Amino acid sequence: MPADLRPFADHLLAWYDRHARVLPWRVSPQDRARGIRPAPYRVWLSEIMLQQTTVAAVKAYFAKFTARWPHVADLAAAPQPAVLGEWAGLGYYARARNLHACAIRVSEEFGGAFPQTAAALRTLPGIGDYTSAAIAAIAFDEPAAVVDGNVERVVTRLFSIETPLPQARKDIRLRTAELTPQERPGDFAQAMMDLGATICTPKRPSCMVCPVRPMCRASAEGRAEDFPVKKPKAAVPERKGAAFVATRPADGAVWLRRRDAPGMLQGMSEPPGTGWHAKADGATGANAAPFAADWRFCGTVAHSFTHFRLELEVYRAELAGDPPAEGWWCPPEARGAEALPTLMQKVLVRAEASPPEPAATPKRRLNR
DNA sequence: CATACGTGGCT
DNA sequence: TAGCCAAGTAT
């Protein structure tokens, strides 16, 4: 490390010693100094959950997962639907599928012990550049360059990097590697993320109380908020479709199926529905039902995904017997364990909140 | 390098 | 409110 960068890590770590956030998956810098190490399983699990996800949202899920599956072998032994069921609501469901696959590989190929280098961790499903470096640094003291969105923000401000993201990534990684100390690399990584989360925030950063302000070029120039520079995003298109909620009068069960096709919400549960088409394609309606029934329109559900906005028409019908389709009845008491993404939770609420009679707009039944 | 991939909170 | 943002990865 260049001599003029050493004070950065020292100042940051001194600040971290006093201001580290207390988090369920974290070992405090004081305990860490006493030789206490975080369990790699807990570090890994928290890092996967925290990908593009807020600390506040993760806490409850981390508690549920560690209570139900205390060790990686427990998770590896679980059926995938159970894992998806616990993950439901957290989003980015490929993470849950990869989490399970990773647990199985660690159990089968590594005897239940996570590999200890970033390079080896990087080969596991769901573990990329950031997560491999974070686990290696936090759990195994490897001085890896840990670069997440917080670090990108901190580093682009430190050096007033004008190159827009993602073009600037390589430069940011090299700068982070130079800043990272040989000692306490895990605390350093967590300190950078805490700094980004609490002081060096995207908007209205608290430069006046920042422990590294003397070393920050953007702050000196009074333009911290100008970084990182980002490439403008494309507008999100709108799509529409329909969902059909069949209920069983005897116990209020709803008919669900599994989304098997690769793509959105793969592996998750849903009431049967149409594909999601460009809004301009028009007509959905009860005619699109997967099987004939007395479908009643219940209103629409709007939901925003990262790359498109969706408007779903919701229909409901009571069924005497089983529908001629793949799926299963989910009684009310089993609802909580279902792998229902938030969108589908909204659909069920919409269907069940709608009055039973009469049909809002009588739609012709032209279904097969 | 660009795009697909969820969700909830905040401004 | 519409947009932005949060401890990214896979392809």
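Predicted, not measured: the structure shown is a model, and the values here were computed from it.
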Find the distance [X]:[atom1] to [N]:[atom2] and express it as a whole number of Å.
X	N	atom1	atom2	result
A:K203	C:dC5	NZ	C1'	7 Å
A:R204	C:dC5	CZ	P	16 Å
A:M49	B:dT7	CE	P	15 Å
A:Y61	B:dT7	OH	P	9 Å
A:L99	C:dA10	CG	C1'	16 Å
A:Q345	B:dT7	CD	C1'	13 Å
A:L310	B:dC5	CG	C1'	14 Å
A:E225	C:dC5	CD	P	10 Å

Report the nucleotide, chosen from [options], that has the shortest atom-to-atom distance to any side-chain atom of [X].
X	options	value
A:Q51	B:dT7, C:dT9, C:dA7	C:dT9
A:Q167	B:dC1, B:dG6, C:dA10	B:dC1
A:K231	B:dT7, C:dT9, B:dA2	B:dA2
A:R153	C:dA7, B:dG8, B:dA2	C:dA7
A:W25	C:dA7, C:dA6, B:dG6	C:dA7
A:L23	C:dA7, B:dT7, C:dA6	C:dA7
A:T54	C:dT9, B:dG6, C:dA6	C:dA6

Looking at every strand, decide which applies to [X] at a 4.0 Å heavy-atom threshold: base, sugar-phosphate, or nothing.
X	value
A:T306	base
A:L90	base
A:V55	base
A:G196	nothing

Quote, to the nearest angstrom, the [atom1] distance that separates [N] from [M].
N	M	atom1	value
C:dT11	B:dG6	P	14 Å
B:dC5	C:dA6	C1'	15 Å
B:dA4	C:dA7	P	23 Å

### Query
With distance as the sole criterion, do the side chain of A:Y92 and the base of B:dG6 form a donor-acceptor contact below 3.5 Å?
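Per atom types, the contact qualifies.
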
### Query
Any donor-acceptor pair under 3.5 Å joining the side chain of A:T53 to the base of B:dG6?
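When only heavy-atom distances are counted, A:T53 does reach the base of B:dG6 through a donor-acceptor pair under 3.5 Å.
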
For this output row, return yes or no: ring centroids of [X] and [Y] closer than 6.0 angstrom.
X	Y	value
A:W255	A:W328	no
A:Y61	A:W87	no
A:H303	A:F305	yes

### Query
Closest nucleotide of DNA chain B for A:R239 versus for A:P166: which of these residues is on the 5' side?
A:P166

#### Entry: Toward the 5' end of DNA chain B, by each residue's nearest nucleotide, A:G89 or A:A168
A:A168

Under 4.0 angstrom between [X] side-chain N/O and [N] OP1 or OP2:
X	N	result
A:S46	C:dA7	no
A:H303	B:dT7	yes
A:H307	B:dC5	yes
A:T131	C:dT9	yes
A:Y93	B:dT7	yes

### Query
Does the side chain of A:E47 come under 3.5 Å of the side chain of A:Y130 through a donor N or O and an acceptor N or O?
yes

### Query
Is it true that the NZ or CZ of A:R259 lies under 6.0 Å from the centre of A:W276's six-membered ring and within 45 degrees of the ring axis?
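Geometry flag: set, cation within 6.0 Å and 45°.
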
### Query
Does A:R239 make a cation-pi contact with A:F308, if we ask for NZ or CZ under 6.0 Å from the ring centre and within 45° of the axis?
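Yes, A:R239 and A:F308 form such a contact.
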
### Summary
Result for 5'-nearest mapping on DNA chain C, choosing between A:N98 and A:E47, is A:E47

### Query
Closer to the 5' end of DNA chain C via nearest nucleotide, is it A:Q52 or A:K233?
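Closest to the 5' end, via its nearest nucleotide, is A:K233.
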
### Task
Write down the atom of A:V314, the atom of A:A351, and the distance for their closest heavy-atom approach.
CG1-CB, 3.9 Å

